[in-house]
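Here the structure is a predicted model, which means the values were calculated and not measured. Naming: A, B, ... by sequence-line order, numbering from 1 per chain.
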Amino acid sequence: MTYERCTKLGERLSGYHDGVLDAAARAQVEEHLRGCATCRARLAEYAAVDRALGALSAPVLEDRLREELVAYTRESIAVRGRAARRGRLRARLRSPRTWVPLAAAAVVLLVVWRGMDLYAPPEQSLAKRDLSKRVADAPAHVEVAPGKESAAVPEPEPVASGPAEERFLAKKMAEAPAEPFASPESPPPTTPAPSTPPASPPLSEIASDATQGVVRESDQIAARPADKDESAAARSKVGALSSTVPPPASEVAPGSEAMSQAAAPAAPAKNAADTQERAAGTPQTQSRARGVQLASGRLDPTAALSIATLAFEVGDLTGARLALGSIPVLPADTLTTRAAHLALALAMRTGDSEDCKQARERADAITATLPSGPTADTLRTRRAALQCPP
Amino acid sequence: MGIVGPGERKPGALPPVLPLSPERHAAEAALDSAWITRAQAGDGTAFDALVRTYAPLVHRVIGRLGADPDDCADLVQETFLKAWQGLARFDPAAPFRPWLLTIALNCARDAGRRRRRRPRMEPLDEDEEEGGGAARTLRAPDPTPDAIAESADLRDRAERAFDRLSPDAQAVLWLRVREDLSYDEIAIVLGVPRGTVMSRLARAREALRIHLAEEVD
């Protein structure tokens, strides 16, 4: 199909098609379109181009391969961490089936030979580490940064059955400082979240070191510091959701003055997350969420989503679960989609069968209603990533 | 059925729930930043979750836009390792997806150089076919509700037309239409200004339109 080219709009027509033009530019384009059949036809052609692009086949990553990738990444990170630190080993990336056992053996031998370093077998569970203590002592940087941990960190126990070298190394480990994330291990899928919820890591510490302003420090300590922490953390992370926190909260149960206190400072400075308070804040959040729910019977769904997200952020999984219960599964819209994502994240954290069931229900309901697209794809992907007890 | 383009309105169909807007990824962004923060603190399960969630995306993009299909699995692995290494410097509040895809495409590009493949410049027909054909073996066709013959025909024509595009054109079109990245995200991934993204998209759409029209002959 050929037609004369009208060049008046140029690339703006493509921008219009993608919905990225501002109001003024959009009005200009529409004005032109009213009078130009050529450009109207081209706009229709863009839709056909999109359909053709939609027909292209896409590489599919099977679940099995994806899980191997996850496991392999874990092990490679462990090895690479040690390699980068020593500055001598060069980890080569090839097929994990042949590489991993060979390299693991090679690393063990190399390390024994050099008489330094610790070997952390991949089977160890992170849950065995005292996460909160370690993080409290020194923020653990992803990159290799080992050795800042206090010696008081309890060492993960080595795998029982191993060559003599491993036991030797295990002994060495007891003396040497622990390497953060040295032995990433995927806890069995059915294991609930580690005893020290990783949500506890003090955001203030991480903020001051690794991030720029995710959680900003403030000197103001409110009457309920735990709630402030949650507000701050949730607000900085949840972005658009945060604006919905104050008004719904004020409608909510009268008995929950904690909630209104937390919600009241809608705009104000984001407060520091005090580690101890944060860890102690969990029971407070739980009772707050429960109190709110019990008193009001049913939360406004928007408020419920804010609370659920907030609770999830601080590790109050029970509170998150409770609040999620107030959000309907359908109709499929922004709110319920976010709820579905949160439910999936919750189920992934807890591994609880009821959480999984809820999460699956939400994901299925939405993907059944939505047209195919990235939104549905993401939901499907995350749903597939769920590993739950049967 | 294929992808509903953002400018397209099918009568009776639900509009995309989360169209091209900053709100679209709010939920995912919130969860991602939570995961990222925990991963930065050393939580292995959090990084696993990130890998699990984003592996299909990285795999698709590298498989489709990368040069060498044999390297695909390795490149995906390499991408996540590099992401891990760079994670300490990453602001959890920043969008994760474009950052990750930048790493992915850089890996693919470096791998292409390492292998000393023919430089990807003008689309010579026979070279395009080799590249496109080899990459195609990786893919499983998406199921479509349309009549099999009709959809297969469209897919074949689309594949041929798409393969004739330059790598830059393929990249912007795939990222915008199939992966639903915003202009700003694409700008980050490709390392170009936003305006360049718009002009590349316009040119790419035009080129694909022409190739598709020529397919009919």
Side-chain angles (χ1 to χ4, degrees), chain A residues 1 11 14-15 17-20 45-47 49-61 66 69-70 73 76-77 93 126 135 140-143 180-181 184 186 198 201 206 210-212 214 237-240 309 313 332-333 337-338 341 345 348 370-375 381-382 385, chain B residues 1-8 13-14 16-18 20 23 26-27 30-31 33-34 37-38 40-44 48 51-52 55-56 59-60 63 74 77-78 80-81 84-85 87-88 91-93 138-142 154-155 158 162 173 177 180 183 198-199 201-202 205 208-209 212-213:
Chain A
M1 185 203 303
E11 64 193 33
S14 173
H17 176 73
D18 285 328
V20 300
E45 283 290 298
Y46 284 169
V49 165
D50 280 0
R51 270 196 299 277
L53 288 166
L56 294 174
S57 58
V60 170
L61 183 66
R66 182 171 56 189
L69 175 72
V70 171
T73 308
S76 299
I77 285 167
L93 301 181
L126 269 181
V135 176
H141 281 267
V142 160
E143 284 216 85
F181 203 51
S186 192
I206 295 168
T211 74
Q212 304 110 29
V214 174
K237 289 182 169 186
V238 173
T309 310
E313 285 293 309
D333 58 15
T337 305
R338 289 177 184 168
H341 278 291
M348 232 179 275
L370 279 182
S372 61
T375 312
T381 305
R382 292 209 167 153
Chain B
M1 190 154 91
I3 305 292
V4 174
E8 183 181 3
L14 275 178
V17 168
L18 303 172
L20 182 68
E23 273 203 8
L31 298 179
S33 69
T37 308
R38 289 187 203 114
Q40 285 172 334
D43 181 358
D48 284 355
V51 174
R52 220 174 257 125
H59 177 78
R60 268 198 310 273
D74 288 343
Q77 291 159 0
E78 204 177 306
F80 282 106
L81 287 175
W84 172 256
Q85 286 162 0
L87 202 64
D91 175 1
L138 261 186
R139 304 169 199 146
D142 290 337
L154 175 61
R155 185 175 63 236
F162 189 77
L173 284 175
V177 179
D180 209 10
Y183 277 34
M198 175 151 8
S199 55
L201 270 171
R205 283 188 162 118
L208 186 57
R209 183 188 68 75
L212 280 169

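Summarising the geometry, atom OG1 belonging to B/Thr37 is positioned 7.5 Å from atom CD belonging to A/Glu313; distances are rounded to the nearest 0.5 Å. The CD atom of B/Gln85 lies 8.5 Å from the CD1 atom of A/Ile77; values are rounded to the nearest 0.5 Å. The CG atom of B/Leu201 sits 5.0 Å away from the OG atom of A/Ser14 when rounded to the nearest 0.5 Å.
Taking each heavy atom of A/Pro59 and B/Arg60 in turn, the nearest pair found is O-CG, 3.2 Å. The minimum heavy-atom distance linking A/Val60 with B/His59 is given by the pair O-NE2, 3.5 Å. Residues B/Ala55 and A/Leu69 come closest through the heavy atom pair CB-CD2, 3.5 Å. Closest heavy-atom contact between B/Leu212 and A/Ala52: CD1-CB, 3.6 Å. Heavy atoms only, all atoms of each residue included: B/Arg209 and A/Glu45 are closest at CG-OE1, 3.2 Å. Taking all atoms of both residues into account, the shortest heavy-atom contact from B/Arg155 to A/Ala55 is CG-O, 3.1 Å.
Residues A/Asp50 and B/Arg205 have side chains in contact (heavy-atom distance under 4.5 Å, counting atoms from C-beta outward). In this structure, the side chains of B/Trp84 and A/Thr73 stay at 4.5 Å or more apart for every pair of heavy atoms.
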